[in-house]
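Notes for the one structure printed next.
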Amino acid sequence: MARQLRIAAAQLGPLNKTDSRAVAVARLKKLLKEAHGMGAKFVVFPELAFTTFFPRWWMEDQAEVDARFFEKSMPSPATQPLFDEAKKLGIGFYIGYAELTPEGRRFNSAILVGPDGSIVGKYRKVHLPGHAEHKPQAAFQHLEKKYFEVGDLGFRVWRYLDTITGMLICNDRRWPEAFRVLALQGAEIVALGFNTPTENLHYPEPPALRVHHHLIMAQSMAFQNATWLVETAKAGYEDGFRMFGHSLIVAPSGEIAAKSQTEEDEVICYNCDIDLAANLKKTMFNFAAHRRPEHYRLIVERTGAEVTPAND
Ligand code: CDV
């Protein structure tokens, strides 16, 4: 019998600098209840879902940054109500947060939580975009390289709700290598939260083109890896800085099954046939039959592009 899982993407509208954890958790709980009312069994929340997207600000007092934006434990007294609600409803979720470890290390992390409220898996973001130095001339900063270390847990999948589920975070969605490593471990669902500014920090770019790239990447990554892909935004004007929405549920066929319509709190939901990719995995994307890793060595041996023409 085909496996069906009703999955929701629970998009968050803006969370401003002044919004407390209690405000964020109350909104997340409301979205969780809404998703449950729509029949969802698994809810994907955004990246850094408990606070504003703080890497847009240069801040020098690290102790204050830690206190305001990082979680020293998960769940914590402030975030526990979300876990309690999920357990009460019997619903699993993915959520992103800023993690401060007992050793004082900082990561942009996401966790997979089971319907019993227990943490099943953790992922720490590998592809950190932006810069580490202050750019005072820029309209806003993107300081993920200042505030976080590169994730040290690799790209993993977990047995979860009768599926094989992997996690990624935001900028990872631009790197085919990340998806392929999950697909090589049998990923059937990839859950991903994001915060993507509508404006390009580096050069002028039409907002519609940025959304276009978001859509084509999601569709191609899902298809080429024969997985369901759930991407959930934090969107809207946070303290005046806009981020686009377009939360998505994409089928292994590469078709968009559901898409958000607003830049506010919004739940989208889809009945995902987890076995939909079976034929694709047996034919076109039968990795065992068709992949040629002996010709892919540069992928792991070389980081930046070098011009090395065969006829030099
Ligand atoms: N939070 C992110 O990783 N944002 C990046 C932006 C900076 C391009 C993204 O890939 O959406």
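Note that ligands are numbered from 1 as they come in the structure, with each ligand's atoms numbered from 1 the same way. When a residue number appears, it is its place in the shown sequence, counting from 1. Every heavy atom of this structure was used, including side-chain atoms; hydrogens, water molecules and symmetry mates were not.
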Per-atom contacts, ligand 1 versus Cys170 - under 4.0 Å to a heavy atom: 1 (N), 2 (C), 3 (O), 4 (N), 5 (C), 9 (C), 11 (O)

Donor-acceptor contact below 3.5 Å, side chain Thr52 vs main chain Leu15: yes

Atom 11 (O) of ligand 1: the protein heavy-atom neighbour that sits closest, reported with distance to 0.1 Å: Thr196 OG1, 2.6 Å

Where ligand 1 meets Asn171 - atom numbers and elements under 4.0 angstrom, heavy-atom basis: 3 (O), 5 (C), 9 (C), 10 (O)

Do Asp265 and Gln11 pair up side chain to side chain, a donor and an acceptor below 3.5 Å, judged on atom types alone? no

Kindly state whether the ring of His246 and the ring of Phe194 have centres lying under 6.0 angstrom apart. no

When you measure from the centre of the six-membered ring of Trp57, is the NZ or CZ of Lys17 under 6.0 Å away and within 45° of the axis? yes

Phe107 six-ring face occupied by Arg124 cation (under 6.0 Å, within 45°): yes

Could you tell me which atoms of ligand 1, counted from 1 in the order shown, lie closer than 4.0 angstrom to a heavy atom of Lys125? 1 (N), 2 (C), 3 (O)

Distance under 4.0 Å to a non-hydrogen atom of Glu47: what atoms of ligand 1 satisfy this? 1 (N)

Are Arg106 and Asp66 ion-paired here, with the side-chain N under 4.0 Å from a carboxylate O? yes

Any atom of ligand 1 sitting under 4.0 Å from a heavy atom of Gly130? no

Is the distance between the ring centroids of Phe70 and Phe148 less than 6.0 Å? yes

Decide if the gap between the ring center of Phe54 and the ring center of Tyr147 is smaller than 6.0 angstrom. yes

Quick one: which ligand 1 atoms are inside 4.0 Å of a heavy atom on Glu144? 1 (N), 2 (C), 3 (O)

Tell me: protein heavy atom nearest atom 7 (C) of ligand 1, and distance? His142 CE1, 3.1 Å

Given the ring of Trp58, does Lys146 sit roughly above its face, with NZ or CZ under 6.0 Å from the centre of the six-membered ring and within 45° of the axis? yes

For ligand 1, which atoms have a heavy atom of Arg174 less than 4.0 angstrom away? 8 (C), 9 (C), 10 (O), 11 (O)

Are Arg173 and ligand 1 in contact, using a heavy-atom cut-off of under 4.0 Å? yes

Phe53 contact mode with ligand 1 (heavy-atom cut-off under 4.0 Å): side chain

So is His214 close enough to ligand 1, meaning a heavy atom under 4.0 angstrom away? no

Measure His202 to ligand 1 on non-hydrogen atoms and call it side chain, backbone, both or neither using the 4.0 Å cut-off. neither

Counting from 1 in the order shown, the ligand 1 atoms closer than 4.0 Å to a non-hydrogen atom of Asn195 are 1 (N), 2 (C), 4 (N)

